[in-house]
2 protein chains.
Amino acid sequence: MVEQRSPEVREQQLDAVFGALADPTRRAIVRRLASGDATVGELAEPFAISFQAVSKHLRVLELAGLVERSRRAQQRPCKLRIEPLVAAGGWLGDYRELWESSFDRLDVHLTKKKGSSHA
Amino acid sequence: MVEQRSPEVREQQLDAVFGALADPTRRAIVRRLASGDATVGELAEPFAISFQAVSKHLRVLELAGLVERSRRAQQRPCKLRIEPLVAAGGWLGDYRELWESSFDRLDVHLTKKKGSSHA
DNA sequence: TTATTATTCAACCTAATGGTTGAGCAACGA
DNA sequence: TCGTTGCTCAACCATTAGGTTGAATAATAA
């Protein structure tokens, strides 16, 4: 069933999720994980920063609920969790009405709606 | 016409927008401005923190493009700009497919789509 | 057992963040 | 002109964040 969250906890989740997404390295990690699970080493490989720094970023993502880590031998494969993304999108969605009823930069919105195979 | 942005600039905008939204005070300000323009004083009033702290938060929001400040007498009325919210929503939207094809916590998403009378 | 691999932990540095207070400034009302 | 209002700027402080390096741990391979 659906987990019930108090308003404060919801706020804290939004703090964590938006904060996690505020870093380009972490967004890149999320992007990468969207195409499939990966180990810390695989995730760190494309970045110029140290291995340990990526590990730290993963902890931030994990605290935000965006990443789930399991174990397989010495590796710790990471999996993307989308629920926090839904929560963040939901918060933004509260303002969809506002921007749909407004003409402020509506062109940008429409232009970005490419294929969009689903609502 | 739609303003063209380079990928780095788009990344920086996402840094700024997600970063701006990572703070509960700033989200509250955005929420407040969604219901209409307000002066700095009006915005600061409900918060326990100092006037100047709210002014700082407004600068962060302004740098993220979320707030536009004009002048009217001694007041500096603030207006919400939605384009950065659209940009952030667009980034999250890239993962919509992923979560629509998945059953991970989909219930949460559906449950939150209640009446939606207003923001 | 020992070595190797994959990863985390710990300590440290620097810069940014969120808050404070006090001073400054611009616009209005008297 | 003078005082008040509305706000920003500047300096400061404590905490957090993103990075580093080096040591520790855990699982596997030899």
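Protein chains get the first letters and strands the later ones, always in sequence-line order, with residue 1 at the start of each. Here the structure is a predicted model, which means the values were calculated and not measured. Every heavy atom of this structure was used, including side-chain atoms; hydrogens, water molecules and symmetry mates were not.
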Are OP1 or OP2 of D/dG18 and a side-chain N or O of A/Arg26 less than 4.0 angstrom apart? yes
Nearest-nucleotide pick for A/Lys56, side chain only, options being C/dA27, D/dT21, C/dA11: C/dA11
Quick check for you: among D/dT21, C/dT21, C/dA27, whose closest atom lies nearest to any side-chain atom of B/Gln52? C/dT21
Strictly below 4.0 Å: does A/Arg76 bring a side-chain N or O up to OP1 or OP2 of D/dA26? no
Check every atom of D/dG18, C/dT7, D/dA27 against the side chain of A/Gln75 and return the nucleotide holding the closest atom. C/dT7
Can you tell me the distance, in whole Å, between the CD atom of B/Glu62 and the C1' atom of D/dC9? 14 Å
Side-chain contact check for B/His57: nearest option of C/dG18, C/dT21, D/dG19 is C/dG18
Looking at the side chain of A/Asp23, which of D/dG18, D/dA27, D/dT5 is the nearest nucleotide? D/dG18
At what distance, to the nearest 0.5 angstrom, does CG of A/Leu61 lie from CZ of A/Arg81? 12.0 Å
Just compare C/dT20, C/dA11, C/dT8 and give me whichever is closest to any side-chain atom of A/Arg69. C/dT8
Between C1' of C/dG19 and CZ of B/Phe51, the distance in whole Å: 16 Å
Of all the choices, C/dT21, D/dA27, C/dG18, which nucleotide is nearest to the side chain of A/Ala73 once you look at every atom? D/dA27
Starting at atom CG of B/Asp37, determine the distance to atom P of D/dG6, rounded to an integer number of angstrom. 18 Å
When we call it a touch if two heavy atoms are under 4.0 Å apart, what does A/Arg71 touch: a base, just sugar-phosphate, or nothing? sugar-phosphate
Does B/Ser55 put a side-chain nitrogen or oxygen below 4.0 Å from OP1 or OP2 of D/dT8? yes
Indicate whether OP1 or OP2 belonging to D/dC7 is found under 4.0 Å from a side-chain N or O atom of B/Thr39. yes
Look at all strands and tell whether B/Ala53 reaches a base, only sugar-phosphate, or nothing, counting heavy atoms closer than 4.0 Å. base
